[in-house]
Protein chains: 2
Amino acid sequence: MVGDVFHALDDRTRRLVLDELAAGDGKTLFEICALLTTRHGLGVTRQTISQHLGVLESAGLVVTERRGRCKFHYFNPEPLAEIARRWHTEERTQR
Amino acid sequence: MVGDVFHALDDRTRRLVLDELAAGDGKTLFEICALLTTRHGLGVTRQTISQHLGVLESAGLVVTERRGRCKFHYFNPEPLAEIARRWHTEERTQR
DNA sequence: TTGATAGGCAAGTGTTCACCTGCCTATCGT
DNA sequence: ACGATAGGCAGGTGAACACTTGCCTATCAA
């Protein structure tokens with residue numbers, strides 16, 4: 001869908017996940033859980049993060065790669081360009 | 001709040017309102033209602049659009065100016081730059 | 001083979017939110 | 001003053017969603 005990117009960004013936990021993936025790609029689900037609890041004090045379950053990763057993946061913001069029993073998550077910034085493209089913010093003067 | 005911009009964008013009707021304001025600033029509430037129904041077939045009430053404009057305004061995406069009994073709405077693209085700034089999409093290579 | 005690790009699936013709950021109806025205030029023209 | 005225009009406020013409803021608990025599958029090391 002079109003609005004999936006906007007919906008995926010409308011959640012603080014998902015934005016934090018994107019922050020962590022943007023800081024260094026190729027993290028597993030358990031690594032992301034550990035980072036969120038230690039660095040941001042997030043008290044969330046593993047299943048919750050898994051669901052958030054599913055939302056981010058279906059929005060195209062996260063690409064996954066399975067190796068063995070591990071699943072590595074990568075940040076894909078390409079869908080974010082759609083936002084800047086839609087309202088072409090660069091050529092407008094701010095009033 | 002921080003996530004107000006993302007929340008404001010997570011709605012198709014609000015995105016259409018932004019489209020109309022970006023196409024030509026200085027529209028009143030009734031003008032926006034008429035544009036949404038005629039150009040996009042949106043069957044929504046005036047109060048609904050008024051609430052959406054309130055969300056957009058509190059997110060900083062819409063600036064208003066009152067003159068008499070009319071209230072003119074202007075598109076403010078500045079908060080959108082926060083998105084590109086957060087994950088600095090331009091300097092990353094896509095994988 | 002057994003236990004530990006990494007992840008997925010599904011139902012239930014509480015809250016948020018978009019939308020409506022109903023009524024009220026303020027400004028303008030006549 | 002009176003009717004019409006432009007907008008605001010508040011309660012109520014139904015659906016979407018974040019989050020949990022409980023259980024299951026698959027891979028690796030011993």
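What you are looking at is a predicted structure, and each value in this text was computed from that prediction instead of being measured. Excluded from the calculations below are hydrogen atoms, water molecules and symmetry mates; all remaining heavy atoms, backbone and side chain alike, are included. Protein chains get the first letters and strands the later ones, always in sequence-line order, with residue 1 at the start of each.
Comparing B:Leu29 and A:Arg14 along DNA chain D, the residue whose closest nucleotide (by nearest heavy atom) sits nearer the 5' end is B:Leu29. Summary of the strand contacts: B:Arg67 and B:Gln51 both lie near DNA chain C, and taking for each the nucleotide with the nearest heavy atom, the more 5' one is attributed to B:Gln51.
The interatomic distance linking B:Arg46 (CZ) with C:dC24 (P) rounds to 15 Å, in whole Å. Nucleotide D:dG7 holds its C1' atom 16 Å from the CD atom of B:Glu65, rounded to whole Å. The separation between B:Asp4 atom CG and C:dT16 atom C1' is 14 Å, rounded to whole Å. In this entry the distance linking CG of A:Asp11 with P of C:dT16 reads 13 Å, nearest Å. B:Leu53 places its CG atom 12 Å from the P atom of C:dC19, with the value rounded to the nearest Å. If you take CZ of B:Phe30 and P of D:dT5, they are 9 Å apart, rounded to a whole angstrom. Atom CG in A:Leu56 sits about 15 Å away from atom C1' in D:dC17, given to the nearest Å. Counting to the nearest Å, the P atom of D:dT20 and the CD1 atom of A:Ile49 are 9 Å from each other.
Of the candidate nucleotides D:dT5, D:dG7, D:dT21, D:dT5 has the atom nearest to the side chain of B:Arg69. Set against C:dG22, D:dC23, D:dC19, the side chain of A:Gln47 has D:dC23 as its closest nucleotide. Minimum atom distance to the side chain of B:Thr45 is reached by C:dC20, of the listed C:dC20, D:dC23, C:dC23.
OP1 or OP2 of C:dG8 has at least one side-chain nitrogen or oxygen of A:Ser50 nearer than 4.0 Å. A sub-4.0 Å separation between OP1 or OP2 of C:dA26 and a side-chain N or O of B:Lys71 is absent. Side-chain nitrogen and oxygen atoms of B:Thr48 include at least one within less than 4.0 Å of the OP1 or OP2 phosphate oxygen of C:dC20. Contact between the side-chain N/O atoms of A:Arg66 and the OP1/OP2 oxygens of D:dA26 is not found at any separation under 4.0 Å.
Neither B:Leu29 nor B:Leu35 shares a network with the other; the hydrophobic side chains, linked directly or stepwise wherever heavy atoms of I, L, V, M, F, W or Y lie under 4.5 Å apart, form separate groups for each.
Residues B:Trp87 and A:Ala22 approach most closely at CD1-CB, 3.9 Å, considering heavy atoms. The heavy-atom pair separating A:Phe75 from A:Leu18 by the smallest distance is CD1-CD2, 3.6 Å.
Partner A:His52 forms a side-chain hydrogen bond (donor to acceptor under 3.5 Å, both in side chains) with one of A:Arg14, A:Gln47, A:Arg15 and no other, that one being A:Arg14.
A:Gly54 comes within 4.0 angstrom of no nucleic acid atom, judged by non-hydrogen atoms across all strands. Among the atoms of the strands shown, none is found under 4.0 Å from any heavy atom of A:Arg12. Backbone-only engagement by B:His7 is indicated by non-hydrogen atom pairs under 4.0 Å involving sugar-phosphate atoms exclusively.
Salt bridge A:Arg85/A:Glu78: present, at least one basic N to carboxylate O contact under 4.0 Å.
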